[in-house]
Amino acid sequence: VYFFGPGCADGSAAMRDVLGGKGAGLAEMANLGLPVPPGLTMSAKLCLTYIEQGSFSDAVRDEVGRNLKALERATKKKFGDPQNPRLVAVRSGAAVSMPGMMESILNLGLNDATVQGLATRTGNPRFAWDCYRRFVTMFGDVVLSIPRKTFDDQLDAVKTRLRLTADSELPANELQKLTETGKDVVAERTGQAFPQDPREQLRLAIDAVFDSWCAKKAGDYRRIHGIPEDWGTAVTVMAMVFGNLGET
């Protein structure tokens, strides 16, 4: 597990086979002093270990935890903190770009408590509930294998009822209702409530992104483009930057 943060990184651009293209690029930009959101990259070798064994050792989990604390220190926000939550993106990244073939999950760390903290901290409840709605949709699709269309149909129905054309026109109260409806879908389809523990969310998300290396579409892409099966994908967990926070 390799950390990257303000002005320094454990890796570099020369480590694409270890960190994947995304992880190597982030490490190189961090080393150059560019303002890269800090994070950690789990090596592609760990992907192969996970596929072979079906899980990770406690030592690997502990190493992820130590690097997550370094991310918290770098951003002065704590993962799972109800008042000032650190949200993260969990992203795939093979040594060779495979656009759209593997999975990513954004806004991870949101739950019924941290969404309130995010709303208060930003002074923007609409933004907070939009993030939570998006997270429930992505987590339900990527991690829990609930078809994305299930959540998109709910969104479209609300827009039709309100006679709106753009997602950005939805008010905070409607986004909150959509979030709750999405959580109800998760409970109905899986028999369990939407996970509220951010660390459990992270564990499940990392596993799902590594699993996506074995997805049929990814395998077909590798076969067509001559990418070896035994390369694996790295997984990068990095601080969220929000494109939906405001006009800028």
Original post:
Do Glu174 and Leu162 pass the side-chain contact (heavy atoms from CB on, under 4.5 Å) test, and can you show the C-alpha distance, the side-chain angles, and the key distance before you say yes or no?
Top reply: CA-CA 10 Å; Glu174 293 292 345; Leu162 298 176; 3.6 Å; yes
**OP:** Determine, stepwise, if the pair Arg134 / Asp130 fulfils salt bridge (Lys or Arg N to Asp or Glu O under 4.0 Å).
**Re:** CA-CA 6 Å; Arg134 291 166 184 252; Asp130 188 37; 3.0 Å; yes
**OP:** Could you go through the side-chain contact (heavy atoms from CB on, under 4.5 Å) check for Asn31 and Ser12 one step at a time?
**Re:** CA-CA 8 Å; Asn31 284 327; Ser12 70; 4.3 Å; yes
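With hydrogens and angles disregarded, no donor-acceptor distance shorter than 3.5 Å links the side chain of Gln201 to the backbone of Leu108. Under the 3.5 Å distance criterion, the side-chain polar atoms of Glu63 are matched with a main-chain donor or acceptor of Val1. Judged by distance alone, with hydrogens and angles left aside, the side-chain atoms of Asp141 form no donor-acceptor pair with the main-chain N or O of Thr137 at under 3.5 Å. Arg133 contributes no side-chain N or O that, together with a main-chain N or O of Glu180, makes up a donor-acceptor pair within less than 3.5 Å. Proximity of a side-chain donor or acceptor of Gln154 to a complementary backbone N or O of Leu178 within less than 3.5 Å is not detected. With hydrogens and angles ignored, the 3.5 Å screen pairs a side-chain donor or acceptor of Glu169 with a backbone N or O of Ala166. Checked by atom type and distance alone, the side chain of Arg126 pairs as donor or acceptor with a backbone atom of Ser168 at under 3.5 Å. In terms of modelled atom types and a separation under 3.5 Å, the side chain of Thr41 and the main chain of Val237 share no donor-acceptor contact. Side-chain atoms of Asn111 come within 3.5 Å of backbone N or O of Gln196 as a donor-acceptor pair. In this structure, Ser57 contributes its side chain and Val60 its backbone to a donor-acceptor pair below 3.5 Å.
A 4.5 Å side-chain heavy-atom check between Val158 and Leu175 finds every atom pair outside the cut-off. Between Pro147 and Arg189 the shortest side-chain heavy-atom distance falls below 4.5 Å. By the 4.5 Å heavy-atom criterion applied to side chains, Phe151 and Thr181 are not counted as neighbours. Side-chain atoms of Thr179 and Phe135, non-hydrogen and from C-beta on, never get closer than 4.5 Å to each other.
Using a 4.0 Å cut-off between charged nitrogen and carboxylate oxygen, Asp207 and Arg203 count as a salt-bridge pair. Between Lys149 and Asp152 there is no salt bridge, since no side-chain nitrogen of the basic residue lies less than 4.0 Å from a carboxylate oxygen of the acidic one. The residues Arg61 and Asp58 are annotated as not salt-bridged, no charged nitrogen and carboxylate oxygen being separated by less than 4.0 angstrom.
The shortest non-hydrogen separation linking Ala30 to Phe4 is CB-CB, 4.2 Å. The minimum heavy-atom distance between Gly5 and Pro38, with the atom names listed, is CA-CB, 3.9 Å. Considering every non-hydrogen atom in both Pro125 and Ala172, the closest pair reads C-CB, 4.1 Å. Looking at every heavy atom in both residues, Val64 comes nearest to Ile206 through CG1-CD1, 4.5 Å. Nearest heavy-atom pair, Ala27 versus Leu19, reported as atom, atom and distance to 0.1 Å: CB-CD1, 4.3 Å. Closest of all the heavy-atom pairs between Phe242 and Cys131 is CD2-SG, 4.0 Å.
Under a cut-off of 6.0 angstrom, the local environment of CZ in Arg163 is sparse, with at most 12 non-hydrogen atoms contributed by other residues, nucleotides or ligands.
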Just list the side-chain donor-acceptor pairs under 3.5 Å for residues 74-86, sequence neighbours left out, or say none.
residue, atom, partner, partner atom, Å
Thr75, OG1, Leu71, O, 3.0
Thr75, OG1, Glu72, O, 3.4
Lys77, NZ, Asn84, OD1, 3.1
Asp81, OD1, Gln83, N, 2.9
Asn84, OD1, Arg121, NE, 3.2
Asn84, ND2, Lys76, O, 3.3
Arg86, NH2, Met240, O, 3.4

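Hydrophobic clustering (ILVMFWY, side-chain heavy atoms < 4.5 Å, transitive): Val142 and Leu87 are in one cluster. Placement of Val185 and Ile105 within a single hydrophobic cluster is found when ILVMFWY residues are connected by side-chain heavy-atom separations under 4.5 Å, directly or transitively. Placement of Met238 and Leu46 in two distinct hydrophobic clusters is found when ILVMFWY residues are connected by side-chain heavy-atom separations under 4.5 Å, directly or transitively. Connection of Val241 to Phe3 is not established within any shared hydrophobic cluster, with ILVMFWY side chains joined at heavy-atom distances below 4.5 Å, either directly or through further cluster members.
Note: Leu245 CG to Leu118 CG = 8.5 Å, rounded to the nearest 0.5 Å. Interatomic distance, Asn124 CG to Trp129 CH2, rounded to the nearest 0.5 Å: 13.5 Å. Between Arg91 atom CZ and Leu106 atom CG the span is 5.5 Å, to the nearest 0.5 Å. Atom CE of residue Met15 and atom OG of residue Ser43 lie 8.5 Å apart, to the nearest 0.5 angstrom. Atom CZ of residue Phe194 and atom CG of residue Leu144 lie 7.0 Å apart, to the nearest 0.5 angstrom. Atoms CG and NZ, on Leu170 and Lys177 in that order, are 11.0 Å from each other to the nearest 0.5 Å.
Ring to ring, Phe139 and Tyr132 are not that close: their centroids are 6.0 angstrom or more apart.
For Phe56, the ring pair (Phe, Tyr, Trp, His ring centres under 6.0 Å) criterion is met by Tyr50, Phe210, not counting sequence neighbours.
Here the rule is side chain to side chain contact (heavy atoms under 4.5 Å, CB included) with Tyr2, and of Val18, Asn67, Leu26, Leu40 only Val18 fits it.
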